[in-house]
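The next block holds one structure in the form of structure tokens; read it before the comments.
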Protein chains: 2
Amino acid sequence: MTKQDVQTDQIILEAARKVFQRSGFGGARMQEIADEAGINKASLHYYYRSKNKLFQTVFREDIQLFLVPLVGILRDPSLSLEVRIRTFVGSYIKTLTENPGLPLFIMQELSSNPGRLISLLEQNVPGIGDRYDEASAERPDGEHGVRETMFLGVFIRQIRHGMESGELNKVDPEQYILSMISMCVFPFVGRPMIRLLLGKDEQEYRDFLMDRESEIIEYLLRVLFKDYGSRHAVS
Amino acid sequence: MTKQDVQTDQIILEAARKVFQRSGFGGARMQEIADEAGINKASLHYYYRSKNKLFQTVFREDIQLFLVPLVGILRDPSLSLEVRIRTFVGSYIKTLTENPGLPLFIMQELSSNPGRLISLLEQNVPGIGDRYDEASAERPDGEHGVRETMFLGVFIRQIRHGMESGELNKVDPEQYILSMISMCVFPFVGRPMIRLLLGKDEQEYRDFLMDRESEIIEYLLRVLFKDYGSRHAVS
DNA sequence: ATTTGATTTGACTATTTAGTCAAACCAAAA
DNA sequence: TTTTGGTTTGACTAAATAGTCAAATCAAAT
């Protein structure tokens with residue numbers, strides 16, 4: 001019957017996100033989440049039956065946010081290779097700047113419970129976890145070698161083509177993608193350590209991250225495109 | 001009086017390392033550590049007074065292990081730029097292959113408690129945390145701009161020199177270092193997610209990581225050295 | 001004003017968990 | 001064999017924590 005301006009369940013969700021990201025599932029306390037949301041612990045349970053349920057809701061949203069650039073940009077068949085790289089890096093840096101705690105949280109929870117990701121993704125993309133599970137060696141022939149193309153197939157084929165046509169330097173496409181993701185994500189995962197190593201305060205590090213997008217793109221294109229040096233003559 | 005073949009405190013330490021790495025400080029249970037070590041929980045407290053004490057011991061060792069390549073190789077004044085890069089990547093990949101859970105654990109704990117790193121390092125390198133602490137803006141002049149050279153100064157100066165002499169492409173040295181570290185470390189931090197994205201099982205991913213060292217070095221040199229293309233003509 | 005149904009709360013319970021302790025154990029020295 | 005001092009253990013305590021519940025509150029509809 002009652003309707004508030006700002007929905008309580010959304011406030012709770014944001015509070016929970018904050019606390020879970022700071023302390024992980026095991027370290028998070030329901031009381032802490034209630035305090036952060038400015039409500040009673042009993043109310044917390046009124047909205048989300050249990051800690052597990054609350055966590056699942058937060059985590060499901062987070063993982064989706066994290067995967068959007070991957071499934072969206074990397075699979076879009078309309079993009080040229082260079083534009084795809086530029087767009088991906090730009091979009092990922094943007095997402096992560098807006099949600100700095102996201103990747104570490106996801107990595108941590110995935111690491112302590114890898115099955116969680118599988119079951120979450122299975123709901124959207126049936127069969128994706130097949131090769132992940134150690135035990136499931138059996139699979140009908142004919143599907144072999146297709147699995148890896150689920151998310152990244154378009155991108156990988158594009159790189160292979162460019163290599164065959166002689167336009168690109170020789171690289172392992174999977175290694176290349178991993179490097180791309182690494183350079184985007186790690187600065188957020190390793191923030192405190194990097195800050196210390198580079199001797200930067202919070203503001204300096206934010207500025208540093210602002211410059212990062214173009215720097216990464218530069219590396220990626222220089223590594224991949226044979227003619228990059230001549231296209232962008234370096235002083 | 002009694003001395004065992006394998007020291008109990010070492011067994012405990014390894015068990016604790018395993019559990020802490022899996023669940024973090026907050027999520028770890030003393031009972032779980034005791035089980036993992038095959039001893040009674042009371043014995044656990046006999047050897048390490050408290051959970052905090054045990055954690056500190058584990059974390060101190062881990063952070064040291066993680067920083068060895070950084071402070072060792074990156075600061076060694078005797079190495080040429082190319083050898084430094086090659087050695088660093090090789091050494092880091094090796095360390096992380098032997099301790100796959102290390103970086104995620106460190107990143108997580110550092111993130112939920114950044115002060116911990118400072119106080120640990122202060123013991124060895126007094127003054128290192130000065131710029132880290134938001135509040136400490138005041139510092140005697142003359143020391144400014146020297147702070148970042150604490151760990152990375154040798155490396156950064158070497159890159160600057162090469163750029164001035166025209167041997168190297170223009171890059172931001174700090175961004176370059178971050179990219180190098182990112183490409184080494186992230187594959188271990190994001191293991192479960194990358195495995196899923198690339199559709200690899202554990203064995204395949206291990207093989208994939210074995211090839212990574214040379215691939216990263218290739219990227220790094222190609223980005224940095226102007227003549228890399230001609231030195232290593234790519235078919 | 002009264003009713004109604006959703007929401008909020010303080011007080012409660014049950015369980016988990018870090019940490020303690022006295023007694024038992026054990027291997028070597030006397 | 002007895003003693004000694006480090007080690008191990010089961011049983012315990014105190015504190016923290018997830019989850020419950022009946023009563024109070026509140027805002028809108030009648």
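In what follows, every chain begins at residue 1, and chains take the letters A, B, ... in the order their sequences are listed.
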- Under a 4.0 Å N-O cut-off, is there an ion pair linking A/Glu202 with A/Arg206? yes
- Message: Taking B/Glu174 first and then A/Lys200, would you say they form a salt bridge - that is, a charged N and a carboxylate O separated by under 4.0 Å?
- Response: yes
Send over the distance from [X] [atom1] to [N] [atom2], rounded to a whole Å.
X       : N      : atom1 : atom2 : result
A/Glu32 : D/dA18 : CD    : C1'   : 14 Å
A/Asp35 : D/dA18 : CG    : P     : 12 Å
A/Ile11 : C/dT7  : CD1   : P     : 13 Å
B/Lys53 : C/dG19 : NZ    : P     : 13 Å
A/Tyr47 : C/dT9  : OH    : P     : 10 Å
B/Arg49 : C/dA18 : CZ    : P     : 18 Å
B/His45 : C/dC21 : NE2   : P     : 12 Å
A/Asp9  : C/dT7  : CG    : P     : 9 Å

- From D/dG19, D/dT8, C/dT8, pick the nucleotide closest to the side chain of B/Thr8? D/dT8
- Task: Ignoring backbone atoms, test whether B/Tyr46 places a side-chain nitrogen or oxygen under 4.0 Å from the OP1 or OP2 oxygen of C/dT20.
- Result: no
Using a cut-off of under 3.5 Å, enumerate the N/O to N/O pairs linking the protein to nucleotides 22-25 of chain C.
none

Do you see a donor-acceptor pair shorter than 3.5 Å between the side chains of [X] and [Y]?
X        : Y        : answer
A/Ser179 : B/Arg212 : yes
B/Asn113 : B/Glu109 : no
A/Asp207 : A/Gln203 : yes
B/Asn52  : B/Gln56  : no

Please list, pair by pair, any protein nitrogen or oxygen found under 3.5 Å from a nitrogen or oxygen in nucleotides 10-17 of chain D.
from: D/dG10; atom 1: OP2; to: B/Asn40; atom 2: ND2; distance (Å): 3.0
from: D/dT17; atom 1: OP1; to: A/Arg29; atom 2: NE; distance (Å): 2.8

- Message: Taking the ring of B/Phe188 and the ring of B/Tyr92, is the distance between their centroids below 6.0 Å?
- Response: no
- Message: Below 30° counts as parallel, above 60° as perpendicular, anything between as tilted: where do the rings of A/Phe20 and A/Phe105 land?
- Response: parallel
- Item | Aromatic plane relationship, A/Phe55 with A/Phe59 - under 30° parallel, 30 to 60° tilted, over 60° perpendicular | parallel
- Query: Starting at the 5' end of DNA chain D and moving along, which residue's nearest nucleotide shows up first, A/Gln31 or B/Gly38?
  - Reply: B/Gly38
